[in-house]
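Everything on this sheet refers to the single structure shown next.
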2 protein chains.
Amino acid sequence: MPHAAAATPQLLRRVNAQSVLGVIRATEVATGTELMARTGLTRASVIAVCEDLIRRGWIRELDARDEDQPGSPRKGRPARRFELNSRAGFVLGLDIGAATTTAAVADLRGTVLGRSSESFRAADIPAEERIDVVDRACRRALAAAGTGPASVLAVGAGIAAPVDRDGNVLASQHFWSLFDVGLRSALKELHGWTVLLENDANLAALGERWRGSGAGVDDLVVLLAGERLGAGVMESGRLLHGRGGAAGEMGYLDLVQGVGSSDGIATLARQWSAAGGGPAAGGEASARRVFEDAAAGDPAALAILDRLSERMARVIASVSSFINPEQVVIGGAVAESAGALLPGITALLPRFTATPPRVTVSPLGDAIVTVGAIRHALDYVEANALELELGR
Amino acid sequence: MPHAAAATPQLLRRVNAQSVLGVIRATEVATGTELMARTGLTRASVIAVCEDLIRRGWIRELDARDEDQPGSPRKGRPARRFELNSRAGFVLGLDIGAATTTAAVADLRGTVLGRSSESFRAADIPAEERIDVVDRACRRALAAAGTGPASVLAVGAGIAAPVDRDGNVLASQHFWSLFDVGLRSALKELHGWTVLLENDANLAALGERWRGSGAGVDDLVVLLAGERLGAGVMESGRLLHGRGGAAGEMGYLDLVQGVGSSDGIATLARQWSAAGGGPAAGGEASARRVFEDAAAGDPAALAILDRLSERMARVIASVSSFINPEQVVIGGAVAESAGALLPGITALLPRFTATPPRVTVSPLGDAIVTVGAIRHALDYVEANALELELGR
DNA sequence: GGCAATATATTTAGCTTGTATCTAAAATAC
DNA sequence: GTATTTTAGATACAAGCTAAATATATTGCC
């Protein structure tokens, strides 16, 4: 039973091919000389690796200068130019909610090419029907992107429940626990897809670090406030899961003074509307009303916003004092409104924690989970590029 | 600017040498055939790697069978046998407290060979004097181990303050912030040592996972309760630091109902003694008294223990609901007494968190930080084995 | 004591992948 | 139209691995 696979000469090629591919992913077009500089390899190796990658379908050689160089009028023999074959395959990013599923298709650069949302007929439909609806969303999104199921290299999927490092849902989560295995085996069987299940807040964190306001931040917490309040925690650039995938769950807020774990945004909105005299039905409308009133200078509305800011500050502070992130991003349904609360929250934070983070609001809107799901799938594809078969 | 170093054929040897060395570390004596099986390498490679490791001083070949094989009366040509040269170098583990410093010396297998504690003259002595005392503890421990400063390969050191991933103390930590740079440069200059500074609770977690009750647990939290209450958090086998090294700080307990961050054990002991009518001076004596009274059936003492159990349960629950560890270990000054509280804590946990962990008490006693510091230093030595020069 | 069986050691040939160096090619610049 | 410059391509060689053939030392049996 070999503990570790022996390192054979082929490993070198894999490592160097990954390194070259990484550079090509990060640039528009790369010449051999550029690749030499960025990877530290010699020209011979770079060329050999590129031929390899071309044969496997991951990159493409641009032919003779059919375009004018914008910057430098280069002297010397023209360089061979390589670029990522970004349409060599596609990934799917899924946001599977309780009422709705959204599927997004992206190419290997992460450019979103198609999108589709489907609603579930009812909350208590059987797992098969639910999977059917998910599948329909996927196929429609693929059609919108002008491609088909065979070109999908990986599927990232987010649900609002703890998911462990292996993509399994805890057995105690009755609502989702059957769904995870079923979804994976169904999509594997129907299309041959590899489904990577993750917690929605974790995906939000991936998305925010990739294309949101936490770009490039290694120690990042994303609060996903919607039907539920959950946190996606990245430490040193890695997602935290914990033993059963429940890291980032906010259940402990029950124990925190001045907040309650049921203080998801729905609850808060209901409270605002109650206190602010907005429309009786809690939700977006009433929340917007409170913000409008506050903007108009209404003292009652302003007081509500103050209370809300303090609440958010307490939540953020409790997380920050234990995890010490560089930045906390507020995302989900509240994000749009939360901008108005930022100054208040930021001002209050030092009162509650010795390590106050930068606080921002997500610019990704509804797409926060699908963007993260796409990133999650791309991470998988990039890590396994040389094992995946392209061009089916 | 090469982003990544090019993978040359030499990389293979490094990878395979690390792999062979890892197996040899994990066994008493290994034959070539065993190494082949465990590493997946061929005999030729295994032998070549071993000759290499012998030349570098990390392993040693045992000569002809000067001992009888206990288990198997082996047929065939006798195998060459290799073992770790565990005295090829040593590591130091330091526990630098406010009042005392303890140094422990261990060989490459982690066997502790020498130990020494030194007290500081006063709390407000200048950094140089403090460093002097630390140095004295080191030299005495080395002498006790029968070796000297030249054989030290790395030094792990724990302090009761946030330390970031690079071993730096936040500038805002006045007490330690000058100390860290000074300590490192002083020991580097005096003896050429590499000092790896870490938070004491983090080291406690390393120690507990290595030789404590959390052996082999990847998602582990160690609560280090002494003058301060701090947590060392391991997720997926890695220590959490956060942006400034303050991950695991318990400041958020200020925000938690029914606990306060000042509820270190000293405070609790004071409260017990007050409530239990023990000796007026808070501390060990009074704490012990409460436990004795409780064991004797005294209702007041029992009530105190109940309150204390609930408090601990709340603390553990708040951590566990956010981090979802598999196990929480209670260590530090309280550990000895805490055993009596375990049943109560375990029973209360499900009331406060949906993901209750296993709770245990550290068996490492006072040594918890030095053991972790040794592990920390060994991790460094093992990771950099092929870059380190042996046998000065 | 000699011989088969067995397990391990050693040697040799060949493959992959890398570097280093030299020569050839294709563009610009004057 | 020739020199300069930049990149491409080819050749020689080194490191490290596998695989297969050969050699060696021990046990066990007759």
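Numbered from 1 within each chain, the chains take letters A, B, ... in sequence-line order. Not measured: the values here are computed from a predicted model.
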In whole angstrom, what separates [X]'s [atom1] from [N]'s [atom2]?
X: A:Leu41; N: C:dA20; atom1: CG; atom2: C1'; answer: 14 Å
X: B:Gln10; N: C:dT16; atom1: CD; atom2: P; answer: 19 Å
X: A:Asn16; N: D:dA15; atom1: CG; atom2: C1'; answer: 14 Å
X: B:Leu53; N: D:dG16; atom1: CG; atom2: P; answer: 13 Å
X: B:Arg43; N: C:dT6; atom1: CZ; atom2: P; answer: 17 Å
X: A:Arg77; N: C:dT23; atom1: CZ; atom2: P; answer: 16 Å
X: B:Met36; N: D:dA19; atom1: CE; atom2: P; answer: 10 Å
X: B:Glu61; N: C:dT8; atom1: CD; atom2: P; answer: 15 Å

Need one value for [X]: base, sugar-phosphate or nothing, where a base atom within 4.0 Å counts as base even if backbone is also close, heavy atoms only.
X: B:Ala7; value: sugar-phosphate
X: A:Thr33; value: sugar-phosphate
X: A:Ile47; value: nothing

- [ ] Compare every heavy atom of B:Ile374 with every heavy atom of B:Ala106, then report the nearest pair and how far apart it is.
- [x] CB-CG2, 3.7 Å

Task: Closest non-hydrogen atom pair between A:Val112 and A:Ala104, with its separation - done: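 Minimum heavy-atom separation between A:Val112 and A:Ala104: CG1-CB, 4.4 Å.
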
Task: Residue whose closest nucleotide on DNA chain D lies nearer the 5' end, A:Gly32 versus B:Gly76 - done: A:Gly32

Does OP1 or OP2 of [N] have a side-chain N or O of [X] closer than 4.0 Å?
X: B:Thr8; N: C:dG18; value: no
X: A:Thr31; N: D:dT7; value: no
X: B:Arg13; N: D:dA15; value: no

Nearest of [options] to any side-chain atom of [X]?
X: A:Pro78; options: C:dG18, C:dA26, C:dT8; answer: C:dA26
X: B:Ala79; options: C:dA9, C:dT16, D:dT18; answer: C:dA9
X: B:Lys75; options: D:dG28, D:dG9, C:dT17; answer: D:dG28
X: B:Ala44; options: D:dG16, D:dA8, C:dT11; answer: C:dT11
X: B:Pro9; options: C:dT17, C:dT19, D:dT18; answer: C:dT17

Task: Note: B:Glu61-B:Arg81 ion pair, threshold 4.0 Å (strictly below) - done: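 Between B:Arg81 and B:Glu61 there is no salt bridge, as every charged N stays at least 4.0 Å from the carboxylate O atoms.
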
Task: NZ/NE/NH1/NH2 to OD/OE distance under 4.0 Å, B:Asp218 and A:Arg243 - done: no

Task: Whether A:Glu51 side chain and A:Ala48 backbone form a donor-acceptor pair below 3.5 Å - done: no

